[in-house]
Amino acid sequence: MKPFVYTAQAARVVFGAGSLARLREEIERVGARRALVLSTAGQRASAERVADMLGPAAAGIFARAVMHVPVETAREAREVARSLNADCAVAIGGGSTTGLGKAIALDSGLPIVAIPTTYAGSEMTPIYGITEGGLKKTGRDAKVLPRTVIYDPQLTLGLPNTLSVTSGINAIAHAAEGLYSVDGNPIMDLMAQEGIAAFARSLPAIEADPADIEARSNALYGAWLCGTVLGNVGMALHHKLCHTLGGSFNLPHAETHTVVLPHALAYNAPAAPEAMQRIARALGVADAAQGAFDLAQRNGAPTALRDIGMAAGDVDRACEIALQNQYPNPRPLERDAIRQLLQDAFEGRRPSPRG
Ligand SMILES: NC(=O)C1=CN([C@@H]2O[C@H](COP(=O)(O)OP(=O)(O)OC[C@H]3O[C@@H](n4cnc5c(N)ncnc54)[C@H](OP(=O)(O)O)[C@@H]3O)[C@@H](O)[C@H]2O)C=CC1
Ligand SMILES: O=C(O)/C=C\C(=O)CC(=O)O
């Protein structure tokens, strides 16, 4: 076994259908009395429901979270939190809403109670991201790790099928890269494998019946595990490529992860055979890269960058940007092979099997 360092990160997880009903006692548990409830504009009804449940413990609602946390939105939300004397942020929604809560916490230290309704996994990480002048900067700070996470599968029944699959594969990507991370450890390996397996069984079941509460529970269980892996170990090529594509070409987050993952796995396969075997086993397939591709395609998710808004002329520039910085990755970054990876992802080719 290779040497490792493992630091446990304290987050309380309250899991199960109907667990939203415990919100008020969870707010009291973090010592808060005036919670600012956050959501996107589209999920405002959920924020209102949460505020109603909190009654006098709700300081107000800020329903303007958007993807990638623009600095202007972060400033506005911080000001609202200050003016309402909020002593806690309740984030109900996906990674965009959790991310806004983190931007507030980074500035003020307010505790976050996160109620995730997608599978992105941000609720389990001390990673924040804020976008200024078209550039997203990310960092790690223990202050932004939500204090309590309430996973209630009933809140995810309305998550559209395609988004369920792409968001699930976004989470699988955290676990997959965790398995070949430069600073991985055996606990995260276990969580990663279990998290991938939870999605391998739940995503097809959700596609067959979006109201299947057991499948929805399994997917949130996977989100918890995969998000924990992201929060604990460093990511590699796949996440860097997705951030390049999302940041420089404004491609949608979860869809980009879904398209790129099979190709990033195929690229790294020769240098990380043991991780690939574990991913394949968790997916219940013979080949990790093909398994990730098939999971997306069979469940109605996009498989080509050209189908989610990328232009053919952008492939060269994406390659240049991706090669600008070196970072830990099992296989060294090779220009021609990265260019080919991006071309394959652009066209949506199914990766070839690795021996
Ligand atoms: N810091 C970290 O550790 C991580 C950060 N992230 C960040 O999170 C963001 C992506 O998060 P992601 O969750 O994919 O996307 P969003 O939070 O943007 O949510 C995506 C969509 O999901 C819809 N939605 C959410 N919940 C429901 C629901 N219950 N029912 C119906 N629709 C719903 C929203 O609808 P509507 O349009 O109505 O609001 C929205 O359109 C990115 O900015 C990414 O960088 C992702 C992973 C980890
Ligand atoms: O960009 C961020 O907000 C931080 C991390 C992620 O988005 C992880 C991911 O790519 O899913």
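Sequential numbering from 1 along the given sequence is applied to the chain's residues.
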Just checking, is any N or O donor in the side chain of [X] or [Y] under 3.5 Å from an acceptor N or O on the other one?
| X | Y | result |
| --- | --- | --- |
| Lys143 | Ser108 | no |
| His257 | His239 | no |
| His68 | His253 | no |
| Asp294 | Gln290 | no |
| Asn170 | Tyr119 | no |
| Gln343 | Glu347 | yes |

Cation-pi, Tyr267 ring and Arg331 (6.0 angstrom, 45 degrees): yes

Sequence neighbours left out, what passes side-chain contact (heavy atoms from CB on, under 4.5 Å) with Pro210? Give chain and number order.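 Result, side-chain contact (heavy atoms from CB on, under 4.5 Å) vs Pro210: Asn161, Arg216.
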
Does any N or O in the side chain of Ser181 come within less than 3.5 Å of the main-chain N or O of Glu177, such that one atom is a donor and the other an acceptor?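 Judged by distance alone, no pair lies under 3.5 Å.
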
Please report the C-alpha distance between Arg12 and Glu26 in whole Å, then the side-chain angles of each, then the deciding distance to 0.1 Å, and finally whether the salt bridge (charged side-chain N to carboxylate O under 4.0 Å, His left out) criterion is met. CA-CA 10 Å; Arg12 176 177 164 86; Glu26 294 303 327; 2.8 Å; yes

Excluding sequence neighbours, so at least two apart, what forms ring pair (Phe, Tyr, Trp, His ring centres under 6.0 Å) with His243?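 His243 satisfies ring pair (Phe, Tyr, Trp, His ring centres under 6.0 Å) with no other residue.
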
Residues, nucleotides or ligands: over 12 heavy atoms within 6.0 Å of Arg29 CZ: no

Taking Glu274 first and then Arg278, would you say they form a salt bridge - that is, a charged N and a carboxylate O separated by under 4.0 Å?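 Looking at Arg278 together with Glu274, the answer is yes, because their closest N to O distance falls below 4.0 Å.
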
If you measure from CG on Leu106 to CG on Asp141, what distance do you get to the nearest 0.5 Å?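 Here the interatomic distance stands at 5.5 Å.
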
Could you tell me the separation between the CG atom of Leu230 and the CE atom of Met124, rounded to the nearest 0.5 Å?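 Going from CG on Leu230 over to CE on Met124, the span is 10.5 Å.
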
Run the salt bridge (charged side-chain N to carboxylate O under 4.0 Å, His left out) check on Arg64 and Glu76 step by step: do they pass? CA-CA 9 Å; Arg64 291 203 285 283; Glu76 212 184 324; 2.4 Å; yes

